[in-house]
Amino acid sequence: MTDDVLTPAQLDGIRSRVRDLMPQVRADLEALVRIPSVSASSFDQSQVARSAEAVAALLAAEGLEVEVVTEGGRPAVIGHVDGPEGAPTVTLYAHHDVQPPGDESDWTTAPFEPTERDGRLYGRGAADDKAGVMAHVAALRAHAGDLPVGLTIFVEGEEESGSPSLETILERHGDRLAADAIVIADSTNWAVGAPALTTTLRGGVRVVVTVRTLDHSVHSGMYGGAAVDAVTALVRLLATLHDDEGSVAVAGLDSGEAADLDYDEARFREESGLLDGVELIGTGSILSRLWTKPSITTIGIDATSIDKASNTLAAKAAAKISMRLAPTQDPASAFEALKTHLEGHAPWGAKVEVSLEESGPGFAADADGPAYDQARASFADAWGTEPVDIGVGGSIPFISSFVERFPEAAIIVTGVEDPDTRAHGANESLHLGEFEKVCTAEAIFLARMGALRAR
Ligand code: BES
Ligand code: MN
């Protein structure tokens with residue numbers, strides 16, 4: 001490309017600088033992973049404070065003006081450095097908190113002891129999202145002392161807990177986050193060797209549904225047969241949430257069609273670990289089922305456990321339901337639809353109560369314009385292959401607050417993950433070869449954005 005904003009020699013320079021930086025970037029990533037910064041409130045929150053301090057120190061070492069801000073939630077780190085006069089501005093987002101490790105016995109090596117196996121770095125947060133943090137640091141280091149853009153970095157400490165204080169942070173510090181482009185490094189690529197921009201995410205609604213059938217629990221021999229226990233009524237109610245094909249049966253939910261990328265059932269089975277003989281649920285293309293149609297999952301049940309069971313009709317049972325929404329669905333109307341469904345399908349007149357736990361909107365990017373052009377070009381420079389636009393079935397609810405607050409900014413969702421990352425699961429890992437490409441792409445993106453001004 002002769003009219004490109006960067007010369008091949010400039011691109012090669014960035015590629016080789018990032019390659020040289022990777023050993024230190026990797027060491028700093030490992031140090032972050034060793035801090036068990038689980039933001040869930042039942043975990044030691046002093047570790048979240050420690051990880052905020054560690055991130056702040058990394059940014060200060062790159063010459064940024066850094067502040068750790070806590071606005072009623074967990075500490076976030078904001079760093080800033082001015083760019084050349086008149087240069088575009090870029091804000092980089094990642095989060096330093098992590099999901100709980102789950103059952104440590106499911107991990108091959110300890111969750112907070114980063115360990116390399118077969119080109120992957122294992123550990124909680126090794127990908128989601130401490131590698132996102134380090135990709136930003138790597139991009140800064142690649143331009144040490146000569147940053148081509150004005151840059152702000154925002155590293156949140158509670159994304160995995162639904163960003164409860166983000167609105168307050170935006171109210172009090174939002175002006176500092178305004179930029180021409182906002183890069184949110186918290187998603188996935190399409191495959192190893194296949195970079196992607198995430199242009200849609202699903203929204204979500206989480207509820208607890210409680211079912212009561214009796215005033216108190218009673219002997220199942222004396223009353224079973226004429227009175228129904230609450231667990232059986234709950235299970236029957238949950239069964240109404242899908243039709244026979246496994247499509248969501250709640251009326252009034254939006255549903256869309258995903259782009260037609262090559263993704264077959266064999267790949268889905270391989271990546272999801274669906275057991276042989278277990279059928280897929282839903283209809284339409286698999287990607288539509290994952291990215292643009294609603295889904296409903298029962299994520300927890302409160303009922304008598306098997307070891308405590310006796311011959312008793314339970315009076316009460318409850319389930320936690322996680323519903324994913326089409327990217328443009330309004331979560332409030334989705335909650336109403338789910339509540340109406342559950343209340344309207346109470347079996348045998350069982351008492352049903354639905355309470356909203358959490359909800360958040362999806363995201364559908366305005367995926368063009370100069371910043372998107374340069375993002376796509378940077379990915380192609382780093383991987384040697386054009387990126388694809390993908391949807392993601394998961395949610396990053398706070399993005400909608402950014403869209404609202406910074407309507408002029410190009411919001412670009414990138415990430416370090418690949419289909420084998422197992423974010424949130426046991427044995428989460430980062431593909432180290434892909435990670436270098438993510439760092440290279442981001443460093444090139446900053447150079448490209450800076451070069452736009454010079455044209
Ligand atoms: N990074 C994920 C979102 C994601 C999932 C991106 C899968 C790409 C692929 C994010 O940290 C996340 O897990 N979000 C939560 C919602 C949040 C409110 C806890 C989710 O989707 O469950
Ligand atoms: Mn994440």
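In each ligand, atom 1 is the first atom listed, and ligand 1 is the first ligand listed. As the structure is a prediction and not an experimental result, all values here were calculated from the model.
- Salt-bridge check for R376 with E386: failed, with every basic side-chain N at 4.0 Å or more from each acidic carboxylate O.
- Within D128, the N, O or S atom at minimum distance from the Mn ion (ligand 2) carries the name OD1.
- Regarding atom 22 (O) of ligand 1, its nearest protein heavy-atom neighbour is R324 NH2, 2.9 Å.
- The distance from the Mn ion (ligand 2) to the nearest N/O/S atom of E159 is not under 2.8 Å.
- Residue-to-ligand polar distances place E159 within reach of ligand 1: an N/O pair is separated by less than 3.5 Å.
- Heavy-atom contacts of P397 reach the following atoms of ligand 1: 18 (C) (cutoff under 4.0 Å).
- Atom 13 (O) of ligand 1 has its closest protein heavy atom at H424 CE1, 2.6 Å.
- In the vicinity of E160, heavy-atom distances shorter than 4.0 Å reach the ligand 1 atoms 11 (O), 13 (O), 19 (C).
- In terms of modelled atom types and a separation under 3.5 Å, the side chain of Q45 and the main chain of F43 share a donor-acceptor contact.
- Between V413, V392, I390, it is V392 that holds the heavy atom closest to atom 7 (C) of ligand 1.
- No hydrogens or angles considered: a donor-acceptor pair under 3.5 Å links the side chains of E156 and S163.
- Here D186 reaches the Mn ion (ligand 2): one of its N/O/S atoms is less than 2.8 Å from the metal.
- Ranking protein heavy atoms by distance to atom 14 (N) of ligand 1, first place goes to S395 O, 2.8 Å.
- The N/O atoms of D186, backbone and side chain alike, include one that comes under 3.5 Å of an N/O atom in ligand 1.
- Contact annotation: for R202 versus ligand 1, there are no heavy atoms closer than 4.0 Å.
- Comment: R422 does not engage D106 in a salt bridge, judged by the lack of any side-chain N to carboxylate O separation of less than 4.0 angstrom.
- Close approach of ligand 1 to S187 is summarised as follows: ligand atoms under 4.0 Å from at least one heavy atom of the residue are 6 (C), 8 (C).
- The ring pair (Phe, Tyr, Trp, His ring centres under 6.0 Å) analysis of residues 371-396, with sequence neighbours excluded, yields the pairs F379-W383.
- Taking a 4.0 Å cut-off on heavy atoms, Q99 fails to register as neighbouring ligand 1.
- Those atoms of ligand 1 that come under 4.0 Å of a heavy atom in E358, given as number and element, are 18 (C).
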For residues 49-65, run the donor-acceptor check on the side chains, cut-off 3.5 Å, and write out each pair with its distance to 0.1 Å, sequence neighbours left out.
residue	atom	partner	partner atom	Å
R50	NH1	Q47	OE1	2.7
S51	OG	V48	O	3.1
S51	OG	H96	ND1	2.6
E62	OE2	R141	NE	3.2

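- The main-chain N or O of P114 is never found under 3.5 Å from a side-chain atom of R34 such that the two would form a donor-acceptor pair.
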(request) In sequence, state the C-alpha distance, the side-chain angles, and the governing distance for R405 and D175, and then conclude on salt bridge (charged side-chain N to carboxylate O under 4.0 Å, His left out). (result) CA-CA 9 Å; R405 175 72 192 250; D175 290 349; 2.6 Å; yes
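- Between the side chains of S165 and T168, no donor-acceptor pair is found at a separation under 3.5 Å.
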